[in-house]
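For reference, the structure discussed in these notes is given below.
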Amino acid sequence: MSTSLPENHDGILLIDKPTGITSHDVVYRLRHALNISRIGHAGTLDPLATGLLIMLIGKATKCSRFFIGMDKCYLGSMKLGETTDSYDSDGTVIDTRVVEKVDVNDLQTLADSFLGINEQVPPMFSAKKLNGRPLYKLARKGHIVERQPVSITIKKFVISKFRGDIVDFFVHCSSGTYIRSLVHDFGQKLGCGAHLCALRRSAIGQFSVDDALPIEQICSMPPIDIYARLIDPNINGDV
């Protein structure tokens, strides 16, 4: 059996990111596994989050704008009654309130109010830049700056389970939506506050996490087997 590498090293690779590492960590591991530098990703996941990352290999990096602009789907959990400075469980609790008696139907009615086009303010703890500096670097120094809201679209927001103070949900949204901010705004409307405690990206456009492999498994494979998993990146003949 031949072990020579294929001539075409360009394509997209679907990765299932674990919690606790950054999207850049995945890029670094792939660069080491394939011994090439031209690797990027289409759409960052926070360290807390798991799920689908579209990795762009070789000339496929030129397609990033197409994939970044695709809709996203997420499965998540929020904790009611606690607000954190980062809007997720990695942050510091800054407010606690009593959770009034509500049921799944009440929560779904509130979720439905977010459907459609919304103006969303990006969280301070985010990679969004102000004058060339990521907001999270300012936030870590205690600086809170005014952020301009951006238009997002929530296409589905389904409450799937409510147990104690934990709410499980599914969201189908436009590119650029911060689920942490959505959960924060949900908690503010509910009156008790909330923060994101788990998040998994299940889909980007037509690509599903079901077709992805964990980064640990990918990096244990020979390069020829990794390249064999590449998907043709050609979109409207741009690559």
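All heavy atoms count here, side chains included; hydrogens, waters and symmetry mates do not.
For the side-chain hydrogen bond (donor to acceptor under 3.5 Å, both in side chains) test, residues two or more places apart in sequence or in another chain that qualify with R38 are T61. With sequence neighbours excluded, the residues satisfying ring pair (Phe, Tyr, Trp, His ring centres under 6.0 Å) with H184 are Y87. K79 meets the salt bridge (charged side-chain N to carboxylate O under 4.0 Å, His left out) test with E82; sequence neighbours excluded. Partners of N118 by side-chain hydrogen bond (donor to acceptor under 3.5 Å, both in side chains), not counting sequence neighbours: none found. In this structure, S89 has no side-chain hydrogen bond (donor to acceptor under 3.5 Å, both in side chains) partners at least two apart in sequence or on a different chain. Every side-chain contact (heavy atoms from CB on, under 4.5 Å) that A194 has, sequence neighbours left out, goes to M78, L80, V183. Residues satisfying the salt bridge (charged side-chain N to carboxylate O under 4.0 Å, His left out) test with R97, not counting sequence neighbours, are D95. Contacts of S160 classified as side-chain contact (heavy atoms from CB on, under 4.5 Å), with partners at least two apart in sequence or in another chain: D168.
The hydrophobic clustering, which links ILVMFWY residues whose side-chain heavy atoms are closer than 4.5 Å, places F162 and L196 together. In the hydrophobic cluster analysis, where Ile, Leu, Val, Met, Phe, Trp and Tyr join through side-chain heavy atoms closer than 4.5 angstrom, V104 is grouped together with V99. Transitive grouping of hydrophobic side chains (ILVMFWY, heavy atoms separated by less than 4.5 Å) brings L230 and L34 into a common cluster. In the hydrophobic clustering of this structure, I15 does not group with Y28; members are Ile, Leu, Val, Met, Phe, Trp, Tyr whose side-chain heavy atoms approach within less than 4.5 Å, directly or through other members. Note on F114: it clusters hydrophobically with Y74, by side-chain heavy-atom contacts below 4.5 Å among ILVMFWY residues.
A donor-acceptor distance shorter than 3.5 angstrom exists from the side chain of K72 to the backbone of I68, with no hydrogens or angles considered. A donor-acceptor pair under 3.5 Å is formed between the side chain of D10 and the backbone N or O of K59. Q120 places no side-chain N or O within donor-acceptor distance of the main-chain N or O of T177, the cut-off being under 3.5 Å.
A distance of 10.0 Å separates OG in S181 from CG in D88, rounded to the nearest 0.5 Å. Here L56 contributes atom CG and H41 contributes atom NE2; the two are 9.0 Å apart, rounded to the nearest 0.5 Å. Going from atom OG1 of T50 over to atom CG of L199 covers 7.0 Å, rounded to the nearest 0.5 Å. D85 CG to T92 OG1: the interatomic distance, rounded to the nearest 0.5 Å, is 4.5 Å.
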For a quick test of your reading: what N or O donor-acceptor pairs under 3.5 Å do the side chains of residues 204-225 make, sequence neighbours left out?
| from | atom 1 | to | atom 2 | distance (Å) |
| --- | --- | --- | --- | --- |
| S208 | OG | D210 | N | 3.0 |
| S220 | OG | Q217 | O | 2.7 |

Show me the donor-acceptor pairs within less than 3.5 Å that the side chains of residues 149-159 make with the rest of the protein, sequence neighbours left out.
| from | atom 1 | to | atom 2 | distance (Å) |
| --- | --- | --- | --- | --- |
| S151 | OG | E119 | OE2 | 2.4 |
| K155 | NZ | D71 | OD2 | 2.5 |

Which atom pairs, donor and acceptor, lie under 3.5 Å between side-chain atoms of residues 19-27 and protein residues at least two apart or in another chain?
| from | atom 1 | to | atom 2 | distance (Å) |
| --- | --- | --- | --- | --- |
| T19 | OG1 | P47 | O | 3.3 |
| T19 | OG1 | L48 | O | 2.8 |
| T22 | OG1 | H24 | N | 3.4 |
| T22 | OG1 | D25 | N | 3.0 |
| T22 | OG1 | D25 | OD1 | 3.4 |
| T22 | OG1 | D25 | OD2 | 3.1 |
| S23 | OG | L45 | N | 2.8 |
| S23 | OG | L45 | O | 3.2 |
| D25 | OD2 | T22 | N | 2.9 |

Would you please test M70 and S175 for side-chain contact (heavy atoms from CB on, under 4.5 Å) and show each step?
CA-CA 6 Å; M70 289 178 173; S175 175; over 6 Å; no
Under the side-chain contact (heavy atoms from CB on, under 4.5 Å) criterion, do D46 and Y178 qualify, and how do the steps go?
CA-CA 10 Å; D46 291 334; Y178 286 94; over 6 Å; no
Test side-chain contact (heavy atoms from CB on, under 4.5 Å) applied to L14 and I54, step by step:
CA-CA 5 Å; L14 305 183; I54 292 180; 4.0 Å; yes
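Residues in residues 188-203 take part in these salt bridge (Lys or Arg N to Asp or Glu O under 4.0 Å) pairs, two or more places apart or across chains: D16-R200.
In this structure, the side chains of M55 and I39 come closer than 4.5 Å at one or more pairs of heavy atoms. Contact annotation: the side chain of K101 never approaches that of D106 to less than 4.5 Å [non-hydrogen atoms, C-beta and beyond].
Contact record, G11 with A60: O-CB, 3.3 Å, taken as the closest heavy-atom pair. Closest approach of G43 and L53 over heavy atoms only: O-CD2, 3.2 Å. The heavy-atom pair separating A42 from S64 by the smallest distance is CB-O, 4.4 Å.
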